[in-house]
There are 2 protein chains.
Amino acid sequence: MNGDRVPGGGPGRRPGAGPGGVPEGYDPYAFEPFAVTVDLAVLTLREERLHVLLVERGQEPYAGHWALPGGFVLPRESAERAARRELAEETGLSETTVAGLHLEQLRTYSEPDRDPRMRVVSVAFAALVPDAPEPRGGGDAAQARWMPYGTHGPLAFDHDRILADAHERVGAKLEYTCLATAFCPPEFTLGELRQVYETVWGVELDRPNFRRKVLATPGFVQAVEGPPRLTGGRGKPAALYRAGEATTLHPPLLRPEGRST
Amino acid sequence: MNGDRVPGGGPGRRPGAGPGGVPEGYDPYAFEPFAVTVDLAVLTLREERLHVLLVERGQEPYAGHWALPGGFVLPRESAERAARRELAEETGLSETTVAGLHLEQLRTYSEPDRDPRMRVVSVAFAALVPDAPEPRGGGDAAQARWMPYGTHGPLAFDHDRILADAHERVGAKLEYTCLATAFCPPEFTLGELRQVYETVWGVELDRPNFRRKVLATPGFVQAVEGPPRLTGGRGKPAALYRAGEATTLHPPLLRPEGRST
DNA sequence: CTCCTTAAGAGTCATGTTGACTATAAAGGT
DNA sequence: ACCTTTATAGTCAACATGACTCTTAAGGAG
């Protein structure tokens, strides 16, 4: 063991510092640095389908391919802050709006050759947005679009993997957390909430059973007092609810079969 | 948006590259680099208590404090490989043994000031080891020890947070995965498996109910044929089992109350 | 205006799972 | 022998779930 193997801390052993890795003063420029970026799997529901925010690459490598939005972590910000900043930039939403969105760190992708140009370590996030405004067409060449999940070709880099991991994570968290409300506007019907589960899981749920389960879970949703109904589509008007205090579901709301996707 | 905002990929915009972040050739030395490390929360069970592998820091900052083991990600390895390499170094286990251990990426900690010396982004892992050999006293000054979870003082850097996150993650995954067997040797009794749950969750579980649940879950454990019992302690000898094929538990084995820790 | 369609919401029923317990078996210790 | 400890076999009631049925309240077509 090393007297100053400072894991969460700064380096105590410089790569190539000699046999045994004797600690020496750390020189940040002594070896090729890592770039640290964030990648965002921004998910929303549109027309009963799961959509992802994608950007088209204008340059090599992967020119013409679609990719997840993302960017560099700046020297004085955390990965979370970088992710929220990028999210605001890409979606065109205000900083305050973005501050309220559900943003969840997925995992970090660090394979040495995931970017052919240099060593890039990327912290991936899943972001869940309710209504899905069209992304503002940034000032540059590439375009950004909401694409139905699965309809895009292969994504650039390892972004297919990241997106799949995001989908899996969100699907799993729907089972035992109140995360579904993150896809909904402030006030929503139980039908809309059920639509979240059905869309993400790719299954059909029994209406009455879903209703019973949700209402029986304390703090999942709370009824809105005012006008007890919502107009819009056909069928009987539905009561409105807000997200409740609870964050976890006990017992969970399990997916019909073993696993999906 | 940027024509080459290459998130999971290499930089397309260099910090400070000018208004609008016009893509230019990337110069890795143009700004202070990030160091990328791994931190390991190595957990095991000893004498019916959860133990953590800790190393004592010999240098400032946090000299004399205990810290999680860890180290640098080398230029040509992934964070996972770095974690496994460090795990082998710290525990003294062979590379092949370590290759079979459960290693799970927790999340990445990237607060700008988490290390006072420089910008360090750390990918944290939880490792679950069965028997807990004493860590080899490395060739250097600092010592490494198994410490009962919670008995150590405040850890260095943000390692208390990382360790708490590791505990929470492992506790949660016991509910809906077969992870508990990762704490057990190749052959184990149901009593030992129950001990894993009780120790990590800090609760007592009903013996017959636990047994019924585990045996009713297909693929969780499989009975060992040979000698149908194990010697050792007092009480009726228990049958031996191995870990089964299954990785997930449907339905889950929920903790008694809402949440713990 | 009437009928049809759609979705919300109330309620039923059989089944499966869980938590709480009781009882028996098989070891070691005194 | 007797007590303690742990494994293992059951029992039973409360609860949760999946599969349905039925009623209500809208919009749309004729």
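Chain A is the first sequence line, chain B the second, and so forth, proteins listed ahead of strands; every chain is numbered from 1.
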A:Glu175 CD to D:dT17 P, straight-line distance once rounded to whole Å:
12 Å
Rounded distance in Å - NZ (A:Lys213) to P (D:dC15)
14 Å
When you measure only distances, ignoring hydrogens and angles, does the side chain of A:Arg212 come within 3.5 Å of the base of C:dG11 through a donor and an acceptor?
no
Nearest-Å distance, NE2 (B:His250) to C1' (D:dG18)?
16 Å
In this structure, how many angstroms lie between the C1' atom of D:dT6 and the CD atom of B:Glu198, rounded?
12 Å
Given C:dT18, D:dA25, D:dT8, identify the nucleotide with an atom nearest to the side chain of A:Lys236.
D:dA25
Could you state the CZ-C1' distance from B:Arg234 to C:dA25, rounded to the nearest angstrom?
18 Å
Rounded distance in Å - CG (B:Leu193) to C1' (D:dT6)
16 Å
Nearest-nucleotide wise, let me know which of A:Leu215 and B:Leu254 is further upstream toward the 5' end of DNA chain C.
A:Leu215
Taking only N and O in the side chain of B:Arg194, is any of them less than 4.0 Å away from OP1 or OP2 of D:dA7?
yes
Any Lys/Arg nitrogen of B:Glu89 or B:Arg85 sitting under 4.0 Å from an Asp/Glu carboxylate oxygen of the other?
yes
Interatomic distance, A:Glu48 CD vs C:dT6 P [rounded to whole Å]:
13 Å
Minimum-distance nucleotide to A:Asn209 side chain [options: C:dA10, D:dG18, D:dT8]:
D:dG18
Could you work out which one of D:dA26, C:dT17, D:dA16 sits closest to the side chain of B:Pro251?
C:dT17
Side chain of A:Ala239 only, heavy atoms from C-beta on: which candidate in C:dG9, D:dA7, C:dT17 is closest?
C:dG9
With no hydrogens and no angle check, do the side chains of A:Tyr149 and A:His167 hold a donor and an acceptor under 3.5 Å apart?
yes
Out of the candidates A:Val214, A:Thr177, A:Leu215, only one should pair with A:Phe220 under the side chain to side chain contact (heavy atoms under 4.5 Å, CB included) rule; please name it.
A:Val214
So, are A:Arg161 and A:Asp165 salt-bridged, with charged N and O less than 4.0 Å apart?
yes
Starting the side chain at C-beta, find the nucleotide from D:dA7, C:dA10, C:dA27 nearest to A:Arg211.
C:dA10
Counting side-chain heavy atoms from C-beta on, which of D:dA9, D:dT21, D:dT6 comes nearest to A:Pro208?
D:dT21
Residues A:Arg84, A:Glu80: salt bridge by 4.0 Å N-O rule
no
Given atom CD of B:Glu204 and atom P of D:dT6, what is their separation to the nearest angstrom?
10 Å
